[in-house]
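Okay, structure first, notes after.
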Amino acid sequence: MNDELKKAITGAGQEHLLRYWEELTVPEKESYREQLAAVNWAQIPQLAVDYVIKRPEIKIPEDLTPAQFFPLKPVDEAQEKLYASAREKGVELLAAGKVCCLTVAGGQGTRLGFDGPKGTYPIGPVSNRTLFEYFAGAVARTSEKYGRQVNWYIMTSPINREATESFFKAKNYFGLPRESVFFFTQGTMPAFGTDGKLLMADKNSLALSPDGHGGTLLALRKSGALDKMIADGNEYISYFQVDNPLVPVADPLFIGLHALENSEMSAIMLSKTNSREKLGNFCVSGGRTMIIEYSDLPDELAEKRNPDGSLAFVAGSPAIHVLSRKFVEKLTSGGTLQLPWHRADKKIPCLNAAGEPVSPAEPNGVKLESFIFDALPLAEKVMILEGDRAEVFAPTKNATGVDSAESCREMISARNARRLECAGVEIPRREDGKIDAVIEISSAWAVDDEDVAALAAETGLKKILPGSMVAL
Ligand code: UTP
């Protein structure tokens with residue numbers, strides 16, 4: 001280890017990390033040295049104080065107001081015209097190859113408790129197709145529909161990069177042209193113990209974790225993804241999370257409205273079902289759009305009502321965005337970007353004081369993550385469009401219960417039933433109105449109502465039988 005690095009580590013009060021140095025083999029020393037050299041030691045003491053020893057103080061701006069948004073359905077003729085032009089614009093941009101898709105898949109998916117990258121989770125209610133296959137099908141169908149191959153960027157973490165790429169290779173990239181799929185890796189942050197000392201995963205390794213989906217922006221720059229977008233003429237990035245198979249991978253209306261409004265970063269909002277729903281809240285302060293996390297929104301604001309009784313802070317975030325590539329270029333132009341950190345208390349496997357590996361049953365440390373939505377206040381112009389929850393949002397966070405694989409499968413089936421019903425197909429329903437069938441439609445065939453109607457007509461499908469499992 002060179003003196004400079006050693007000095008930086010001890011200067012940051014983290015000399016315990018070198019406790020086992022003399023016991024390590026030469027290759028172990030080399031890999032550990034690389035890991036240590038990648039840490040920004042100058043910022044560690046301040047982070048330890050501000051985020052670990054003290055809890056970060058959340059300051060709610062006094063001038064906080066609810067963010068404005070475009071409603072799901074246009075309210076008047078002028079808006080109807082605007083939406084029609086936006087849809088047209090979106091189609092035009094897709095046809096011209098100006099749009100690419102970006103899936104963030106670097107998370108650890110701890111709540112789902114699935115062994116492997118979350119994208120390889122079998123979510124198809126009939127076919128068991130994986131989350132990645134859903135998106136791949138939708139990217140393929142979108143490309144076919146608008147006559148231009150859509151590039152697909154997939155962000156992984158260093159922890160799941162290899163497993164993710166191997167999965168795609170084994171599946172032959174789901175039939176997508178190899179050059180249209182681009183993997184890139186996000187950065188990591190070392191985890192802290194509650195005393196502000198960094199945790200070690202092993203005698204020759206820090207306990208590192210992905211640096212949050214906010215890491216996407218810098219990772220796009222560092223990985224060369226931005227350069228590829230420039231070379232390919234991709235100007236708009238359709239951003240979505242790996243755990244939401246209902247998401248439209250590239251919605252012409254959303255993309256077109258983003259472009260027509262000259263927005264730098266846009267977002268889909270969902271009307272919250274109750275004042276305490278666990279969605280970030282779209283707000284405005286000092287003319288800047290921002291998200292206040294549900295846990296940080298004070299009760300009096302969360303409960304605040306409009307004269308008609310509806311929630312004042314009604315706009316919740318399902319983490320669906322469009323970003324202008326130029327905005328990402330601007331934010332990362334110096335090769336750096338520091339979004340605010342968010343603290344998460346977690347159970348972090350690590351070495352104990354005796355140098356033995358432990359898997360704690362209770363949270364024993366702090367992970368710091370940055371969030372993509374913290375780029376919203378940095379945008380000169382933000383556009384927010386209301387989405388229909390049942391059509392676009394089925395997060396797979398947990399194995400069972402709320403926001404689970406179970407609820408996601410039900411929502412996939414329900415959306416398919418609705419789409420088929422609109423196309424004139426008879427759908428069996430129980431007395432309580434629930435659909436009495438499980439219905440899956442391949443995203444490679446259909447990404448919207450129009451596609452489903454065409455599919456129903458082509459296949460001559462008239463009726464779904466009660467209790468059946470149908471895969472189209
Ligand atoms: P979540 O916040 O749900 O985190 O990520 P997670 O890691 O997937 O799941 P838990 O909290 O451990 O159960 C939302 C989206 O952001 C991505 C995830 O892959 C998911 O698509 N993400 C999250 C990243 O790409 N990188 C990160 O560092 C964190």
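Keep in mind that the numbers below use all heavy atoms, side chains included, and drop hydrogens, waters and symmetry copies. Whatever order the structure lists ligands and atoms in, that order sets their numbers, starting from 1. Every value quoted in this text rests on a predicted model; they were computed, and no experiment measured them. Residue numbers run from 1 in the order of the sequence given.
- For the side-chain hydrogen bond (donor to acceptor under 3.5 Å, both in side chains) test, no residue two or more places apart in sequence or in another chain qualifies with S166.
- For atom 28 (O) of ligand 1, the nearest non-hydrogen atom from the set G212, P117, A344, S157 belongs to G212.
- By the 4.0 Å N-to-carboxylate-O rule, K330 lies close enough to E264 to be salt-bridged with it.
- Taking the charged nitrogens against the carboxylate oxygens, R325 and E235 have no contact shorter than 4.0 Å, which rules out a salt bridge.
- For W41, the CH2 atom sits in a packed shell: over 12 heavy atoms of surrounding residues, nucleotides or ligands are nearer than 6.0 Å.
- Of all the heavy atoms of A105, the ones lying under 4.0 Å from any atom of ligand 1 belong exclusively to the backbone.
- Remark: minimum distance from atom 25 (O) of ligand 1 to any protein heavy atom is reached at G106 N, 2.8 Å.
- The distance from ligand 1 to the heavy atoms of K397 drops below 4.0 Å at these ligand atoms: 1 (P), 3 (O), 14 (C).
- E391 and R418 are joined by a salt bridge, as a carboxylate oxygen and a charged side-chain nitrogen come within less than 4.0 angstrom of each other.
- For atom 10 (P) of ligand 1, the nearest non-hydrogen atom from the set T110, D243, T396, L131 belongs to T110.
- The protein atom (non-hydrogen) at minimum distance from atom 21 (O) of ligand 1 is V104 O, 2.7 Å.
- Nearest-residue assignment for atom 6 (P) of ligand 1 (options G109, P395, G215, S370; heavy-atom criterion): G109.
- At the shortest separation from atom 16 (O) of ligand 1 among protein heavy atoms lies H213 CD2, 3.3 Å.
- For the side-chain hydrogen bond (donor to acceptor under 3.5 Å, both in side chains) test, no residue two or more places apart in sequence or in another chain qualifies with E300.
- For the side chain to side chain donor-acceptor pair (under 3.5 Å) with K397, the lone residue among D403, D243, N244 that qualifies is D243.
- Among K367, M155, R111, Q186, the residue whose heavy atom sits closest to atom 27 (C) of ligand 1 is Q186.
- The protein heavy-atom contact nearest to atom 23 (C) of ligand 1 is G107 CA, 3.6 Å.
- Those atoms of ligand 1 with a heavy atom of K118 less than 4.0 angstrom away are 8 (O).
- Remark: of the listed residues I439, I123, I441, V126, I123 is the sole one forming a side chain to side chain contact (heavy atoms under 4.5 Å, CB included) with I412.
- Polar contact with ligand 1: present for Q108 (N/O pair, distance under 3.5 Å).
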